[in-house]
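So the structure is just underneath, and the comments pick up after that.
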Amino acid sequence: MQLSTDVRSRLRTDGATLGAYVSDASIFRRVPKAVFEPRSVEDIRAVLQVARDENWPVTVRGGGTSVAGNAIGEGLVIDTSRHFNRILDIDPAARTARVEPGVICDQLRDAVAGHGLTYGPDPSTHNRCTIGGMLGNNACGSHSLQWGTAADNVVELTVMRPDGELVRLFRGGTDDAALNEALTALRDAELALLRTELGRFPRQVSGYGLHYLSPEKGFDVAKAFVGTEGTCGIIVEAVVKLVEKPAATALAVLAFASVFDAAAAAPQVRREGVATAEGMGGDLLDALYLSQGNTGAEALLPGAVGTPRPAGGWLFCETTGATPDQARQRAAALAAEFAVHPTRPTIASLVVNEPAEMRQLWRIRESAAGLVTRLPDGREAWPSWEDSAVPPENLADYLRDLYALLERHGLEGIPFGHFGEGCVHLRISFTLGTEEGVAVFRAFMLDAAATVASHGGSLSGEHGDGRARSELLPLMYSPAALAAFEKFKDIFDPERVFNPGVLVRPEPLDKGLRPGPGQRTREFIPLHALTRDGGSMVNAVNRCVGVGLCRSESEAMCPSFQITGDEVHSTRGRARVLSEMFRGETYPEGTDSEDVKDALDLCLSCHACASECPVNVDMSTYKSEFLNQHYTSRRRPMAHYSMGWLPLSAHLLHRIPGAARVADSLLRLRPVEKLVMRLGGIDSSRGMIRFAPRSFQSLARRRKPLTRGSAGKVVLWPDSFSNHLDTAVPTAAAEVLEALGYDVIVPQGFLCCGLTWHSTGQLETAKKVISSTLDRIEEHLDGSTPVICLEPSCTSMLMEEAPQLLHDDPRVHSLARQVVSLGEFIAARSAEATDQPWPFGEVRAEALSQVHCHERSRKGHGGTSEVLEQLGVNESTIETGCCGLAGNWGFEPGHGQMSRDLGERELFPRIRGLEEDALILADGFSCRTQIKEGTGMAGKHLAQVLRGAIKEE
């Protein structure tokens, strides 16, 4: 009784949580009654009792990356990913691991790597999908040619049934006599069907894997349970196989004239030593450029756009070997063989075995699921027919028929997938926001199911059928097979509580579409132009299809999720909440909703999602738009005034002689500092920022140039942080630029990019500030004079957000073209032929760089790295992105501890471990502030490093 009471208290029923869990990576929407995150088997047993008491259906969820809608439900959602995620045992001798279902695929692979082993199935979501979810869908991945599906790699499962009892499933049966008897009777009654309709080719994943119950498969109930999509029970423990990791790998990328040629060639590369045969359509590169610009990776692809013979399709063939030479020889042999193929020769090829280059190329393929949600012309593309499979030898013909079907329905899509196993992924340009568009969607799905069945194929090749395709199973299977599926479900789940509407007694495939009619009920007109999204906030939010890269522990996205592990604090969770707000059902109060505000509160506006998300979901912009609407008719938090208006306050303070010096002296008194912070609505656990005695603009009016310029003029932008808080940085920058021979102009008056108003959602004021600034610097907006900005956040604001806010003002676009960071400017200058001598000597030092998150987002640090290399500085960088302060965010009440936790991920420990003479580099004022508070060490701006390197003569 006590356990049940404790579990009830941990049920999450708040609006933010329910909104975040309405969808997975599919197009479907189901609002749950409650979400529960178990920590133990006992928790699950107790919460099942709660679900029985409340008459709730039960859906189990892992990473929520399901593309078919099999991880959502209208009752209780049990999320195993946050706490129920331990690796319980690794047995290197037996090559097995025992895990809880919430273990991330890469977590297991990393844990066993030291034994020379790995877990074979590796979907493109391997850094965030869970083992439990992979078993639920019978996931595969790019290496299934070599290691098979999740079912092929399971040894034993422990499953909880609806009544809370546990049962072990394994080869030979189960540990429950009654269950064994029922399953044996089903097998014996349907043995002919099991042998003829099921298991015909490796990627036949649709329906239940009842063929594993046959005698020749060893009556393997564990394998038969894999792929049941949470409809038969809850996996609480799994024993999975481990495989030997190849000693060496290489990659042959084969470029073909068409995607059909690539599909036809794929079965022919299946041989010993070839671990993958991954295919991509030619339009994928256009989608990549639309999403991420020129990343450099696409230039590596043979037959890329702009080459004499652009490719229409590629195969990625990874080869293995006992040595690097053997792996490379196998890859080279493939390339040579297909270069002279009699019927489908390649137009180009590439062989690489350098790990960094292979990783770059594989990222294109792994990003495909997100990239192709936007077609090259910017239109939306959606899943549901994204996972069909046919026997590999039929793939080329099936693809031709599929393209013809798309054309007949007026649709488009970009194919990619596991061509070597006949599995093709495809996102399609369905128009789901209208009844007419939904009718086209339904008609296409019916026709596509008939088409794949005519080629002997499967509705699903690894994602499962879910809500996307379960209704279509009668087009693929006989009535007898469907009846067998229903019997299997009822044997395990006679009460029919697990994931209803999926596989057995399915829901209509067009029921409850997330981007369907009604999604725009509460849409508002944004102040940003949102040019990539047709000026629509709903279109912008719909960029998030749920692939879940924001739930990864690697790279920089999403910082708050990496601390809390809470779906609400992921970029995807926030996008789902915003989508629900526009629909107006979960949050009928629209932009007045406190639940929506709470969901957005821990977004740091770091911009990581704007670049690292495959489809560039820009949550910082969406948050600003929401806050602008939310506080239209209500009082803002004091921090929005104290921090948001800081640039103007600092400017006015410096207009009064001596005022800044007096203010700074007073703020050094801790009681005064505490009082000011409390009145200003600032987290008092932080230290107060300090004002410079005089502004840099004031200093610039009085200083004498270091040298007389002959290289031309540059404008040094007096951003509010450098101008009023840390004048040592712009002073150093001015001297550096003068040493390079430039005449440095420092504009006077109140100049601001509007950053702090933007981040606090005061967008009307931000527009006025930017417009006023443009008036003051109009004489410098000639389209060519460099405007050097020292603060990365201001650089980003001037280059990206300001042009969206004042889209119709040509001056803001001119300024965006002229703005350049100091590192980028000097790197470009050093590459030019000039008579001006290079004024810098060598520094010869080790350095750790905290790359500002906005600079990282716009990929702007390369110039700084080039300059540091020229100075002889050996630079390493922080890989986790945002320092954790994030401008005003870290000063807002309730954010202080998380801000420090973010610094402890990597930044603070690495600084503490530096040698005494190492440099700490941080161009961002916030980053330097965070470093000082967190470690007591001082970070330097590139300008200061360069100033110290100027030769005395």
Side-chain angles (χ1 to χ4, degrees), residues 296 356 556 706 714 716 722 726 728-742 788-793 795 820-832 834 836-883 903 906-932 934-953:
L706 193 66
V714 295
L716 183 57
S722 302
D726 193 357
V729 169
T731 300
E735 295 180 357
V736 165
L737 292 166
E738 288 166 350
L740 284 164
Y742 290 97
I788 297 172
C789 194
L790 303 173
E791 174 59 41
S793 56
T795 307
V820 63
S821 72
L822 182 66
E824 290 169 315
F825 178 77
I826 294 181
R829 155 68 176 75
S830 68
E832 295 174 356
T834 175
Q836 192 73 28
W838 183 250
F840 308 113
E842 288 193 337
V843 174
R844 293 289 176 192
E846 297 293 317
L848 177 65
S849 284
Q850 168 58 49
V851 180
H852 192 283
C853 46
H854 292 188
E855 183 177 45
R856 178 184 174 120
S857 175
R858 69 177 188 86
K859 301 177 175 65
H861 189 67
T864 295
S865 293
E866 289 178 29
V867 172
L868 291 172
E869 186 177 1
Q870 290 181 50
L871 296 178
V873 174
N874 183 26
E875 180 195 28
S876 61
T877 61
I878 297 297
E879 296 302 320
T880 47
C882 187
C883 69
E906 180 188 8
L907 177 61
F908 296 167
R910 287 190 65 183
I911 288 176
R912 295 179 190 122
L914 289 174
E915 297 293 331
E916 189 173 343
D917 57 350
L919 294 172
I920 304 168
L921 302 178
D923 281 2
F925 175 78
S926 288
C927 303
R928 296 195 297 277
T929 302
Q930 178 80 328
I931 289 167
K932 184 69 175 176
T935 68
M937 307 290 285
K940 288 188 175 183
H941 192 287
L942 174 66
Q944 295 169 299
V945 176
L946 286 166
R947 178 62 188 89
I950 295 176
K951 300 172 185 175
E952 289 303 317
E953 62 270 16

ask   = Do you know which of E855, R858, H854 makes side-chain contact (heavy atoms from CB on, under 4.5 Å) with T795?
value = R858
ask   = Got a second to check how far T877's OG1 is from E906's CD, nearest 0.5 Å?
value = 8.0 Å
note = Output for pair (R910 CZ, E879 CD), nearest 0.5 Å, gives 7.0 Å
Heavy-atom closest contact (R912 atom, G934 atom, distance) = NH2-O, 3.4 Å
request  = Check P730 against S722 and note the closest heavy-atom contact, atom names and distance.
outcome  = CG-O, 3.5 Å
request  = Could you tell me whether the side chain of L907 reaches within less than 4.5 Å of the side chain of I931, counting heavy atoms only?
outcome  = yes
query = Would you find a donor on one side and an acceptor on the other, under 3.5 Å apart, between the side chain of D923 and the backbone of L942?
reply = yes
remark   = Taken to the nearest 0.5 Å, the spacing of S926 OG from E791 CD works out to 6.5 Å
task = Walk me through it: do H861 and S849 pass the test side-chain contact (heavy atoms from CB on, under 4.5 Å)?
result = CA-CA 10 Å; H861 189 67; S849 284; 4.2 Å; yes
task = May I have the step-by-step check of side-chain contact (heavy atoms from CB on, under 4.5 Å) for L868 and L919, ending in yes or no?
result = CA-CA 11 Å; L868 291 172; L919 294 172; 6.0 Å; no
task = Would you check, one step at a time, whether the test side-chain contact (heavy atoms from CB on, under 4.5 Å) holds for L790 with L716?
result = CA-CA 8 Å; L790 303 173; L716 183 57; 4.0 Å; yes
key: Flag side-chain contact, heavy atom, 4.5 Å: I826 against V736   = yes
query = Does any N or O in the side chain of R928 come within less than 3.5 Å of the main-chain N or O of A922, such that one atom is a donor and the other an acceptor?
reply = yes
query = Which residues satisfy the salt bridge (Lys or Arg N to Asp or Glu O under 4.0 Å) test with E866, sequence neighbours excluded?
reply = none
key: pair R829-Y742: side-chain heavy atoms closer than 4.5 Å   = yes
ask   = Out of curiosity, C927 SG to I920 CD1, how far, rounded to the nearest 0.5 Å?
value = 12.5 Å
inquiry  = Ignoring hydrogens, what is the shortest heavy-atom contact between Q870 and S830? Give both atom names and the distance.
reply    = NE2-OG, 3.0 Å
request  = To the nearest 0.5 Å, tell me how far L921 CG sits from S865 OG.
outcome  = 9.5 Å
query = What is the distance from atom CZ of F825 to atom OG1 of T864, rounded to the nearest 0.5 Å?
reply = 13.5 Å
ask   = Taking only residues two or more places apart in sequence or in another chain, which ones pass salt bridge (Lys or Arg N to Asp or Glu O under 4.0 Å) with E875?
value = none
query = Which heavy atom in R856 sits nearest to a heavy atom in I878, and how many Å separate them?
reply = NH1-O, 3.8 Å
query = If you draw a 6.0 Å radius around CD in E869, do more than 12 non-hydrogen atoms from other residues or ligands fall strictly inside?
reply = no
side-chain contact (heavy atoms from CB on, under 4.5 Å) assessment of F908 paired with Q930 = CA-CA 9 Å; F908 296 167; Q930 178 80 328; 3.8 Å; yes
message = Looking at every non-hydrogen atom in both residues, tell me the closest pair between V867 and G823 and how far apart they are.
response = CG2-O, 3.7 Å
request  = Determine the minimum heavy-atom distance between S821 and I788, stating which atoms define it.
outcome  = C-CG2, 4.4 Å
S857 (side chain) donor-acceptor with C853 (main chain) under 3.5 angstrom = no
